[in-house]
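Below, all heavy atoms of this structure are taken into account, side chains as well, without hydrogens, waters or symmetry copies. Quick caveat, the model's predicted, so the values are computed rather than measured. A note on names: the letters A, B, ... follow the listed sequences, proteins ahead of strands, and every chain is numbered from 1.
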Amino acid sequence: MSIIVKPDTKVLIQGITGSFGARHAQLSLAYGTNVVAGVTPGKGGQLFEGKVPIFDTVAEAVKATGATASAVFVPPPFAADAILEGVDAGLELVVAITEGIPVRDMVAVKRAMGENNKTRLIGPNCPGIVTPGEGPESKGGCRIGIAPGYIHKKGNIGVVSRSGTLTYEAVWQLTSRGVGQSTCVGIGGDPVNGTSHLDVIKLFMADPETHGIIMIGEIGGSAEEEAAAWIKQYGTKPVAGFIAGSTAPPGRRMGHAGAIVSGGKGTAAAKFEAFREAGIGVAATPSEMADTLLKMM
Amino acid sequence: MNIHEYQAKQLLAQYGVAVPQGQPCKTVAEAKAATEQLFNAGHKLAVIKSQIHAGGRGKGTFKHGFKGGVKLVKSVEEAVNVADNMLGKVLVTKQTGEEGRLVSTILVASAETIKKEFYLAVLLDRANSRPLIMASTEGGVDIEEVAEHTPEKILKEWIDPAVGIQPYQARKIASGLGLKGDVFNGAVKLIMGVYKTWWECDAAMVEINPLCIVETPEGKEAIVAVDAKISLDDNALYRHKNIQEMRDLAEESPLEIEASKFALNYIKLDGSIACLVNGAGLAMSTMDIIQHYGGMPANFLDVGGGATKDQVTAAFKIILSDPSVKAIFVNIFGGIMDCNVIATGIVAAVKETGLTLPLVVRLEGNNVAAGKKTLAESGLTIISGDTMADAAQKVVKTIAK
């Protein structure tokens, strides 16, 4: 098993004809992901790569193909609209890859989604989600987003992170040691996002195929502390983690819009402390994320 | 993006927020005229405020010895003297570092008698993704201290973004601050305006500290935003042409401006080991691991997911223009990106810049074998690291010698 997506999940790509969306749609197809549709307004009726039908609206794509998940590759000024279109079409999952969406737009999206329990939003500004498959280089899995597929291996470790390349680093450390992953989720580096560390941790704890978890955080906000507090009380599986940004100067945004220590809040030190208090294994360096978890198992 | 106090007050005034009468001046003559205008309007006291982005202006000292980046003046002569000592001079405060900042604009404003100070801010509450108004009777002081020691003195009001701020919410805050009569009504209007500024301008933070009850020349009480600070959401600047024009490049590090031209995310730090990394999280972690092994990072530098040869070359040039850099650590996880493309870019950049400093490269990911081969066969002295930890230890060792 896995969380959120399975190898047979039917995926559509919003913004499939843009260069970024097209490239990653191709890579997902090559990985063996069930990409059933693309959406680009005004290009309905065409075919992507000669095989994937393109629709003008998400609603049409869902009706015609039964897609349940989407990846949003739409440019920032139009991304909030694209996310809400996916929600309106009743998708179970919308993964927003787009980086640079105005915070105010995401505040409005979150409010519009309200207590909607039908659609899960992951991201924005995230690498997406991968449930590795059983083929060579983990092919045959579900890859929604921009993560490199080949670094994965099917197995029993869950990975959740705010950062892209740091997620790949952790996944690669596991795979190089012969240890596979159940699902890897990049929740994104923006201050307002759809799915939190805690949301993913709860799913991993409930997933019988996930035996251990790597949680990667970074400075800014308090999502890591909230997840740690829950783990302390209800955690049933080993969790190891790392927080990026111990050396970041206060008040500066470190690449990600959400990676900022402001008003003395959101420091790496405070997050590491929350990890220790919750019995989460702390990797002394980002090179030791996998080893720290494997020692606990 | 940050803007100056006078620009923040211009934006706030557009949304009906009461600010002291005043105007920005770039010359002593302008300052003289502005002060005369205030005194002619019946004001007895004016304030001259250096416009730099750093805080601590009041307690700052100019490099030529003049004390105070914010000064009260009682006469036009005094104003001329102060303006002459601020404009074109370098102000050092606890936030500017030793190099200080050049003051090229001063704000000349009316300075009414302040009867009471408050704190007011609008920001995003990340925990519930909603705008939050914070207010306190403890104005003019460090709000973080108040939050730490007397959190009960901070009033909080969350705004539903679907309907925006409602007048009753502003009334709740004004009442919570103990305001009465005309000042109460003035505060309601002001709070509504501050919130609207935050929302309409796509601000990250609007802070009024202090918000003051003042005595006007007519002897009445009024509530005004005596100081104001606004920072904007960079992602939303594309839809605010007027705010884009407020950007003051003199307030930004020249290297950071240069980096932004190549879509590189660079932040200068104080250490001696430069790093060049793809991805923000990995870039932060690279700084952390350098420090873990006893070194100090010279910068944060994220070249992004799809770095080109031109970007890598530009990145090297930026790193090398920082004189405190003694060694370079390149840490690339080429997920989709071809490691050989990166390796070719590194070799070209090293040759073009004539690099002589120790260079440690850790490459991992797609087509890594070819990438390592390119580096090995380049004829350059490049130290290769197998893991992040291995490479970090090696780069720290190069400067320990």
(request) Verify the neighbour count for atom CG of B:Asp386: are there more than 12 heavy atoms of other residues, nucleotides or ligands below 6.0 Å? (result) yes
(message) Looking at A:Phe78, I'd like to know if its CZ atom is crowded, meaning that more than 12 non-hydrogen atoms belonging to other residues, nucleotides or ligands lie closer than 6.0 Å.
(response) no
Check whether [X] gets within reach of chain A through its side chain, its backbone, both or neither, counting any heavy atom under 4.5 Å.
{"X": "B:Trp199", "answer": "both"}
{"X": "B:Ala204", "answer": "side chain"}
{"X": "B:Asn235", "answer": "both"}
{"X": "B:Asp288", "answer": "both"}

Calculate, to the nearest 0.5 Å, the distance between atoms [atom1] and [atom2] belonging to [X] and [Y] respectively.
{"X": "A:Ser196", "Y": "B:Arg126", "atom1": "OG", "atom2": "CZ", "result": "12.5 Å"}
{"X": "B:Ser129", "Y": "A:Met113", "atom1": "OG", "atom2": "CE", "result": "11.0 Å"}
{"X": "A:Asp105", "Y": "B:Asp202", "atom1": "CG", "atom2": "CG", "result": "7.0 Å"}
{"X": "A:Thr247", "Y": "B:Ile290", "atom1": "OG1", "atom2": "CD1", "result": "8.0 Å"}

(message) Is there a side-chain contact between A:Ser287 and B:Ile289 in this structure, where contact means two heavy atoms from C-beta onward sitting under 4.5 Å apart?
(response) yes
(request) With the side chain counted from C-beta on, respond yes when A:Thr285 and B:Tyr293 share a heavy-atom pair under 4.5 Å apart, and no when they do not. (result) yes
Ignoring hydrogens, what is the shortest heavy-atom contact between [X] and [Y]? Give both atom names and the distance.
{"X": "B:Leu124", "Y": "A:Pro191", "answer": "CD2-CB, 4.0 Å"}
{"X": "A:Tyr150", "Y": "B:Gly365", "answer": "OH-C, 3.1 Å"}
{"X": "A:Ala259", "Y": "B:Met284", "answer": "CB-CE, 3.8 Å"}
{"X": "B:Ala127", "Y": "A:Glu226", "answer": "CB-OE2, 4.4 Å"}

With a 4.5 angstrom heavy-atom cut-off, could you sort out which part of [X] is near chain B: side chain, backbone, both or neither?
{"X": "A:Pro77", "answer": "both"}
{"X": "A:Ala284", "answer": "both"}
{"X": "A:Glu99", "answer": "neither"}
{"X": "A:Glu218", "answer": "side chain"}
{"X": "A:Arg162", "answer": "side chain"}
{"X": "A:Ile216", "answer": "neither"}
{"X": "A:Arg104", "answer": "both"}

Looking at chain B, which one of [options] has the largest number of heavy-atom pairs inside 4.5 Å, strictly under?
{"options": "A:Gln173, A:Lys110, A:Met254", "answer": "A:Met254"}
{"options": "A:His256, A:Lys265, A:Arg23, A:Arg252", "answer": "A:Arg252"}
{"options": "A:Gly100, A:Ser163, A:Ser161, A:Gly149", "answer": "A:Gly100"}

(request) Under the side chain to side chain contact (heavy atoms under 4.5 Å, CB included) rule, what do A:Val107 and B:Arg130 come out as? Steps first, then yes or no, please. (result) CA-CA 6 Å; A:Val107 166; B:Arg130 289 198 174 198; 5.6 Å; no
(request) Anything under 30° is parallel, anything over 60° is perpendicular, the rest tilted; go ahead and classify A:Trp172 against B:Phe333. (result) perpendicular
Chain A contacts, top residue of [options] (heavy-atom pairs, under 4.5 Å):
{"options": "B:Pro161, B:Ser285, B:Ala280", "result": "B:Ser285"}
{"options": "B:Val277, B:Asn366, B:Leu269", "result": "B:Asn366"}
{"options": "B:Met296, B:Glu364, B:Met205, B:Glu148", "result": "B:Glu364"}

(message) Given 3.5 Å as the limit, does a donor-acceptor pair link the side chain of B:Asp233 with the main chain of A:Pro102, or not?
(response) no
